[in-house]
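In listed order, ligands and their atoms are each counted from 1. Residue numbers start at 1 and run along the sequence shown.
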Amino acid sequence: METNELNYFESYEDIEIHELMLRDSPRNEAYRKAIVANKDYIQNKIVLDVGSGTGILSVLCAQAGASKVYAVEASNYAAVTKEVAAENKFEDIIEVINKRIEDTELPEKVDIIVSEWMGFYLLHEGMLDSVIYARDQFLKPDGCLFPQVAKIYAAPCSMPSMFEFWDNVHGISMQSVGKISRLFKSLKPEICVINSDDVLCDPKLVRSFDLKTIQIKDLNDIQLIDIAVASKEGTYQGFCLWFDVEFPNFVNKTESPIILSTSPNDQPTHWKQSVVILPQEIEVEEGTPIAFEVKLTRCEDNIRRYNIEFALLDPNEIEHPMGCDCFMTKCIVAKVFVQNQSENTEIST
Ligand code: SAH
């Protein structure tokens, strides 16, 4: 394995990362609910858990009645999956394979692929590539994925807790230091929880992925040019990205899908939100159009990372892209190019 890959799997040998995920109750609850809701469908089915970690998803599927679960885990945590399977009396159902999925051979095709592959702003870590590989290699044509749909959203936001601090540091105005801090923070995405009141516009859908059909090349360049309209007055300080994933619902087709959301409107998860900080803040009124371009481009030297490029556009210079195929011109007002290279963003799921 090349060094980037070794570092990636070694970072998953840290108990704190697994503990963080296991203590993330919106995450676990969404998977649990989706698996329990589909119990009748999962009964006697063959499941592949891509990246089983501590084995939580494998055990949930075994509890739901799967006849066989292949739990594939590249890191040394495969041994833990095995112990957890035995601890829950599923050692006969869960077969643990300590390999990268890309190096795995299975004796049969599977009905269901379950995986928790999501990273910050959905795509960080690039683990979706491995799920796509697993789908193409091992999923029966009529098989399904848990989750099956993933969506990236974006919205302008303010970040008062980050910037108001500089107005009064023990009675001293420190806005000059705040400016330096803002410039520094605009160089990499900030992973933080954004208060729902601080989201300035209705969210824009950046991209929706159907995991049944998506190809790896579709993940290399993602771009949205759009105009959001401020739904309240506020200080536009950052551009917030988050995601949700949807699980299939085979049993109660009329019910709305079970969603794991990392939106500022929902209970915070360990993914929080990813925010591109603007180098300068802008005051907006209710109704102010906020035109922007956001681009996520996969890094050439490390496919597990993305560069996030964000441009403020002049709303008068772009035609609204919705519902027309007219040619779009854009006038860039300011541009932030975020190198997604901070240590704390190595892994997130
Ligand atoms: N399913 C567990 C762990 C999710 S974290 C849970 O929900 O808690 C993702 C896991 O996938 C990590 O343990 C990581 O080591 C593993 N992983 C990532 N890419 C993989 C690959 N290509 N093959 C096998 N395991 C992989």
So which bit of [X] gets within less than 4.0 Å of ligand 1, heavy atoms only: side chain, backbone, both or neither?
{"X": "Ile56", "result": "side chain"}
{"X": "Arg304", "result": "neither"}
{"X": "Ala74", "result": "both"}
{"X": "Ser52", "result": "backbone"}
{"X": "His18", "result": "side chain"}

Next on the checklist: Counting the benzene-type ring for Trp, do Phe292 and Phe239 have ring centres under 6.0 Å apart?
Outcome noted: yes
Can you confirm, on distance only, whether ligand 1 has an N/O atom lying under 3.5 Å from any N/O atom belonging to [X]?
{"X": "Thr54", "value": "no"}
{"X": "Gly51", "value": "yes"}
{"X": "Ile101", "value": "yes"}
{"X": "Arg27", "value": "yes"}

[X] heavy atoms, cut-off 4.0 Å: which ligand 1 atoms fall inside?
{"X": "Tyr12", "answer": "5 (S), 9 (C), 12 (C), 13 (O), 14 (C), 15 (O)"}
{"X": "Tyr8", "answer": "18 (C), 19 (N)"}
{"X": "Ser130", "answer": "22 (N)"}
{"X": "Glu116", "answer": "4 (C), 5 (S), 7 (O), 9 (C)"}
{"X": "Phe9", "answer": "15 (O), 17 (N), 18 (C), 19 (N), 20 (C), 21 (C), 22 (N), 26 (C)"}
{"X": "Arg100", "answer": "23 (N), 24 (C)"}

Does [X] come within less than 4.0 angstrom of ligand 1, counting non-hydrogen atoms of the residue?
{"X": "Glu125", "answer": "no"}
{"X": "Tyr31", "answer": "no"}
{"X": "Tyr77", "answer": "no"}

Item to check | Plane angle bin for Trp242 and Tyr153 - parallel if under 30°, tilted between 30 and 60°, otherwise perpendicular | outcome: parallel
Checklist entry - Are Tyr121 and Trp271 close enough, and set up right, to give a ring-ring contact (aromatic ring centres under 6.0 Å, His included), and what steps lead you there? => result CA-CA 8 Å; Tyr121 57 86; Trp271 289 284; over 10 Å; no
Checklist entry - Do side-chain atoms of Arg305 reach the backbone of Cys299 as a donor and acceptor pair under 3.5 angstrom? => result no
Next on the checklist: Is the terminal nitrogen or CZ of Arg182 (NZ for Lys, CZ for Arg) located under 6.0 angstrom from the six-membered ring centre of Phe163 and within 45° of that ring's axis?
Outcome noted: yes
Checklist entry - Which of these passes side chain to side chain contact (heavy atoms under 4.5 Å, CB included) with Cys61: Val47, Ile46, Ile93, Ile94? => result Val47
Item to check | Salt-bridge present (Glu5, Arg100; N to O < 4.0 Å) | outcome: yes
Next on the checklist: What verdict does the side chain to side chain contact (heavy atoms under 4.5 Å, CB included) test give for Arg23 and His270, after you've listed the backbone C-alpha separation in whole Å, the side-chain angles of each residue and the deciding distance to 0.1 Å?
Outcome noted: CA-CA 9 Å; Arg23 289 183 187 274; His270 75 284; over 6 Å; no
Item to check | salt bridge (Lys or Arg N to Asp or Glu O under 4.0 Å) assessment of Lys151 paired with Glu246 | outcome: CA-CA 9 Å; Lys151 293 176 181 168; Glu246 265 177 47; 3.2 Å; yes
Checklist entry - Could you walk me through whether Tyr31 and Phe247 pass the ring-ring contact (aromatic ring centres under 6.0 Å, His included) check? => result CA-CA 8 Å; Tyr31 275 88; Phe247 297 89; 4.9 Å; yes
Item to check | Check against side chain to side chain contact (heavy atoms under 4.5 Å, CB included), Met159 and Ile277 | outcome: CA-CA 9 Å; Met159 309 177 77; Ile277 310 279; 3.4 Å; yes
